[in-house]
Each structure stands twice: as structure tokens, then as C-alpha cells.
There are 2 protein chains.
Amino acid sequence: MFTKGNLFKNCWKGAAIIARSTIGKIRGTYDQLSRTEKKVAQLALDNPAVVSEMTIKELASATGVSTATISRFVKRMDYSNYREFTMALAHTAAEMTPQQNSFPELAEGDSLATIANKTFRFSINSLRATNEALNEDDLARAVIKIINAKTVAFFGLGGSAVAALDGYHKFLRTPLNVTYHPDYDIQLMQAARMTAQDCAIVISHSGRNHETLEIVRELKRNGVAIIVITSYSGSELAQAAAVTFLSLTDEVKYRSEGMYSLISQMTILDSLFMMTVLRSSSRTKPVLTRVRDVIEQTRYDS
Amino acid sequence: MFTKGNLFKNCWKGAAIIARSTIGKIRGTYDQLSRTEKKVAQLALDNPAVVSEMTIKELASATGVSTATISRFVKRMDYSNYREFTMALAHTAAEMTPQQNSFPELAEGDSLATIANKTFRFSINSLRATNEALNEDDLARAVIKIINAKTVAFFGLGGSAVAALDGYHKFLRTPLNVTYHPDYDIQLMQAARMTAQDCAIVISHSGRNHETLEIVRELKRNGVAIIVITSYSGSELAQAAAVTFLSLTDEVKYRSEGMYSLISQMTILDSLFMMTVLRSSSRTKPVLTRVRDVIEQTRYDS
DNA sequence: TTGAAATGTGAAACTTCTTTTCATATAATA
DNA sequence: TATTATATGAAAAGAAGTTTCACATTTCAA
């Protein structure tokens, strides 16, 4: 029967062996080995990754010795069986392979999987950078403004419309009054209707889009609390804001339109949403549940 | 210029180099597995390092299933035998640093900065998991369908409307004919107008939204190539697709509506976009530049 | 419901892989 | 040269892993 105790015992046994690299162990024992065993050792040293995938038979015929000799060889190396030996060999082989170097540009020759991997890596890096740039103080001021607002309106045009829509969607799950419309003219009218009791969340990658600035000026005239999410702290947009959050990203060839910043912006919005929920949870939770129920109804089961 | 031959050549090269991670593979197949197989998958996900050292019998008694089932399980995961599976598992287990798999819950007592940090962590983990579940083969098939389509239409309702809008926005930068409308009825009409020469990209977190399924059925009737982005590989939606991409995320308290999956979905779209651009770059680049110029005009300085 | 058909499952037969035994060869020593 | 220690491979024995087969369960159409 197999028990947890057993499980952990095996685990430790393995750990003890891994402590010293397999290859080091072979090197260290090398001259104590017999002539045939040296052939095995040599192949394992030269090609650890390949050998680690071989069965004992394959290794036997590859080295021209019997399986018996190999079995004895691994025992002499202090492994309890051949399987343990190949696992350990694979392990050290993996550690030795050159580490993935830091991330270069996307290139036309890249395989599809490479393109995908790089895209994900870039996104992850953007999130990390954005996360590091956040500070408690800004977050606190933003959450207070959001929670106390009579209405929270989202503004975003072009690429940032996606983020604004996302923010609107998320905050629909709270009891707050939220507003968003994709059309510029309507956004501008909405801005004109707002007051000092309201809160505006404005998203713009560059911070220098004409129309977005027009909206911000209108908001400012009305004394609305403005929270800005942008990639450039120096822009007029950032200057006008009560609180500015920066979405940071390494700009890349083909990508000057801030595609990576989008997910950073959305994750900032997500953070704001989570804070709002957790800071006003007793008031919000019932609404959250109700929204969830509505969504469930559009599904054909459960 | 890109050709099919070219695509496949690169495709194979990539496939050989970047194997999909074992854990990603298990996660991606998880809900297609049977009840007993899930037990095996669960233990492998929870304890990859320990499982990788077990014999098939040990794993069988640890999970309470037969060795036969496990043998079939690893074949289903595309490994040629159990040994290959444990080797691969050991390999990916070694690559994962301990900090990467911790998914802390959000708690009401958390400071604002902590909430933000956790939110970003969750997002990063979702991206990582999603990335691991991608495979070259699916990517290649999707890109071919997109590049050769007369029209590429995006479909997404509710929360997924954000992702669909984002995809539409991105692909506007390519010379492809793209289409998206937020309204369900119009999406349905659009689906009815499409043919076997077209390609549909359908996004749905749960894969079981009534309306989305209605659209997919209409698309299917017309023989449209369907690319699905969803979080559940077992859904009817996923079954109907020519290619399915999974956005993976650990579900969390307060978050059952797949908010984290959104950025994963968007990054999948982003990857598809980048592939499309790079695989057809000489044709696309002029258009990309033209779009950029249009955006520049809406700014007050360059 | 009910009865195919499809799918999932474990026991056991079977295959393949690994270890041990044993007979023999080789080298070292007195 | 005889004796002893050591090394080696063939083959038997033993483990590990895979496949088959019969039975159980689920699905789905009537």
C-alpha cells in the first residue's frame, strides 16, 4: 500500500541525490570505473540529455555493453535503480542548458509559438512594471473619490475605448452609478453634465488625443474629480488629474500604439474595482451576487 | 509574403523547440477528462515533483485508480509512454520556481497596495497559465484560417464583448476585412451572412451563454471556420470550433465571472494579431503605417 | 421510461524493461 | 602455474508498463 509517509521518504531520498549533480558524481568516480563502465560514463557525460531519455537497452547497444553492466554501473553511482539515474541526469542536464536569455524583439523568422511566448512575456513585463509604479497613496485617494461619487463615468476613445468599456462592465457589479458611451459626442455631453460630486475615470494611452483633452477640459470646468490612466506622466492629461496612474510598457517595434499598455490599464481598473468591492463590501456584496445571478440566467444549465 | 509551405516549415521548427509544458497540457485538457482521470491530473498538478518520481503503480495506489487508467491518461496527454510523461513532468516542475504557483486569496483586511499587488499577481499567473496551454499546431491552423478569410468577424457578448471589441480594434490595423458589432441581434445577422470563405473568432468565458451558442450554430450551418477563445474546453462552444484556445485562470472568491480570463483572452488575440502581421508582413506593413498616421492626426503634436 | 450505443473502468494477460544470477573470461598474485 | 579476485554477458527472474477484454455507467434517441 502506498502512504504519505512513503511518499515523502521517496521525496527525501531523491533530494539527497540531487544535492550533488549527477555529472559531477560520474566525473568524480570516473577513474575508479572499469573499461566498459567508462564507455557508459563517457556517453552520459557527453550527452546527458540524450542518455536521460534512453532505456537501459538502448544505452546498452549505444555503448556496446550489456544491460547488466549498466545496471551495476548506476548502482555504483549510488542510485537505487536505472530510472532514478536517468531522472537525475535529466534534471542536471536541464539545469546546464543555457538559460533563456532576456527578451529580444519579435522577428519575422520567429515560429508561431515563439511569437505567442514573446507576446505573453511582454504583457507580463508590462503588468509587472505597472504594478511597481503604483503607490498606496494614489490608490487610497482614488478609491475614496470612487466610493463617494454620485456617479462614476468612464471616458476613453480609440484603443482606450476597450479599457473604458471594461471598467464600465466591472463597476456595473457594484452599487455605484456608472456610465460609459463609446461615442465621442456623447462622452463630451456626459462630461458637461457632471459636477464636483462625481468622479471621472479617463483612459488614454498617449494622453494627447484631441478629443480626450477636450473632455478633460470640460470636466475640469465643472470641478469633477478626475482619475487618469495613461502611459505618459508628462502629458496635459496627467497634469489635469487629481490622481494619475501610469501603465508602463517597453515600447516595441510594430507596437507603438500602446497595445500592451491596454492590459496594464485594465488591470489598474481591476485593482480599483477590487478595492472598491473590498472597502465597501457589506454594501456591495448583495449587488455582486445579484449581477452574477443575472449572468447565470443566460446560460442553459446550472 | 507568406505561403502555406513557409508557415508549416516554421511551424515544425517551433514545435520541436517549444514543447507545451506538461502542466499547461494537463490544465488545458482538464475538463475533458473523466472523473478518475481528473484524480490523476489533480495530483500531478498539485505535486508535479513528487509524482514525477513515482512508478505507475505508486501513482495508481496514491490516486486509487488502476494502472491501466493512468497509462491511458498519459497517452491522452500525447506522451508515448509513462516514462516520457514523468520525465516531462519533472522537467516542468523543475522550471517552476516556488513563488510562481502561489495564488493567495484576497482578504478584506488587505491594504490597498496589497489588493493591487495580488490583482496584478493573479493576472500575471493567468497569462502564464494561458501561455503554457497554447500549442503551435492550434496557432498555425488559426493563423491560416485568419489570413485566408475573406472576412474576419468577432463575436462576444457580455464581458467578452470587451475582448471582441479589442480584437476588432487590433485587426483593423491589418488589411483584412474585419467586423464587429456589440449588439446581439446584429451579431446574429452577421453570422447568418457569413460563408465557408470567412472566419469567425468567438469569445466566451463560460462557453455556455445562450446567445453566443445561437450565433455559433448559425456559423456552423454556414460552414464558417470558427476559432473559439474560452475558459472551458469541454463546453459545446469549444466542441463546435475548428480551433479552440483556452484562457486559463484560477478561480477566486468574488471573481466567478472570469474577469482574469479577459486579459488572457486579449493576449491570445494579441498573439494572433502579431502572428498575422509577421506572417504577412510585406502586405500588411503599409496598412499598419497608414493606420498609425491616422491616429497621429488626432493628436496635437507628433 | 427503456433499450441501444458509446464511453469509462479495472483485472488480468501480455509486453517490455531492469535486475540478478551464474558461468565464463581475464587479470593479478604468490 | 595454480589460485584468487574481478569483470563481463547471457539468460533467468523480477518489475514496470501496456493492452485486451468483459463489465459498469452514461448518453441519447425512440
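Throughout, a chain's letter reflects where its sequence line sits, starting with A, and its residues are numbered from 1. All values derive from a computational prediction rather than experimental measurement.
At a non-hydrogen distance threshold of 4.0 Å, nothing from residues 50-63 of chain A comes into contact with DNA chain D.
No side-chain donor-acceptor contact under 3.5 Å links His205(B) and Ser160(B). Counted by atom type alone, Ser261(B) and Ser264(B) present zero donor-acceptor pairs between their side chains at under 3.5 Å. For the residue pair Ser247(B) and Ser231(B), a side-chain donor N or O sits within less than 3.5 Å of a side-chain acceptor on the partner. Checked by atom type, the side-chain pair Ser123(B)/Ser126(B) shows no donor-acceptor distance below 3.5 Å.
Rounded to a whole Å, the CZ atom of Arg83(A) is 9 Å from the P atom of dA16(D). One atom, CD of Glu37(A), and another, C1' of dG9(D), lie 13 Å apart when rounded to the nearest Å. A straight line from CZ of Phe73(A) to P of dT6(D) spans 20 Å, rounded to a whole angstrom. Remark: P of dT19(C) and CG of Asn81(A) are 6 Å apart, rounded to the nearest angstrom. In this structure, Glu84(B) atom CD and dT18(D) atom C1' are separated by 15 Å, rounded to whole Å. What separates CD1 of Ile70(A) from P of dA7(D) is a distance of 17 Å, to the nearest Å. Remark: P of dT19(C) and CZ of Arg76(A) are 15 Å apart, rounded to the nearest angstrom. Remark: C1' of dA15(D) and OH of Tyr82(B) are 14 Å apart, rounded to the nearest angstrom.
Residues passing the side-chain contact (heavy atoms from CB on, under 4.5 Å) test with Lys57(A) are Thr55(A), Thr67(A), sequence neighbours excluded. Considering only residues two or more places apart in sequence or on other chains, Phe154(B) meets the ring-ring contact (aromatic ring centres under 6.0 Å, His included) condition with Phe171(B). In this structure Asn81(A) satisfies the side-chain contact (heavy atoms from CB on, under 4.5 Å) test together with Arg83(A), Glu84(A), sequence neighbours excluded. Every residue was checked against the side chain to side chain donor-acceptor pair (under 3.5 Å) condition with Ser52(B), not counting sequence neighbours, and none meets it. In this structure, Ser61(A) has no side-chain contact (heavy atoms from CB on, under 4.5 Å) partners at least two apart in sequence or on a different chain. Taking Thr179(B) as the reference, Thr151(B), Ala153(B), Gln190(B) meet the side-chain contact (heavy atoms from CB on, under 4.5 Å) condition, with sequence neighbours excluded.
Proximity of a side-chain donor or acceptor of Thr69(A) to a complementary backbone N or O of Val65(A) within less than 3.5 Å is not detected.
Residue pairs meeting the salt bridge (Lys or Arg N to Asp or Glu O under 4.0 Å) criterion with at least one member in residues 151-166 of chain B, sequence neighbours excluded, are Asp166(B)-Lys170(B). Applying the salt bridge (Lys or Arg N to Asp or Glu O under 4.0 Å) test to every pair with at least one member in residues 179-201 of chain B, sequence neighbours left out, gives no pairs at all.
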So which protein N/O to nucleotides 4-6 of chain C N/O distances come out below 3.5 Å?
none

Between the protein and nucleotides 10-14 of chain C, which nitrogen or oxygen pairs come in under 3.5 angstrom?
from, atom 1, to, atom 2, distance (Å)
dG10(C), OP2, Ser66(B), N, 3.4
dG10(C), OP2, Ser66(B), OG, 3.2
dG10(C), OP2, Thr69(B), OG1, 2.6
dG10(C), N7, Arg72(B), NH2, 3.3
dG10(C), O6, Arg72(B), NH1, 3.4

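At least one side-chain nitrogen or oxygen of Lys75(B) sits closer than 4.0 Å to the OP1 or OP2 atom of dT19(D).
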### Pairing pattern in dot-bracket form [Watson-Crick, G-U; both distances under 3.5 Å; | = partner strand] for DNA chain D
||||||||||||||||||||||||||||||
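By the 6.0 Å and 45° rule, Lys25(B) stacks over the aromatic ring of Tyr79(B).
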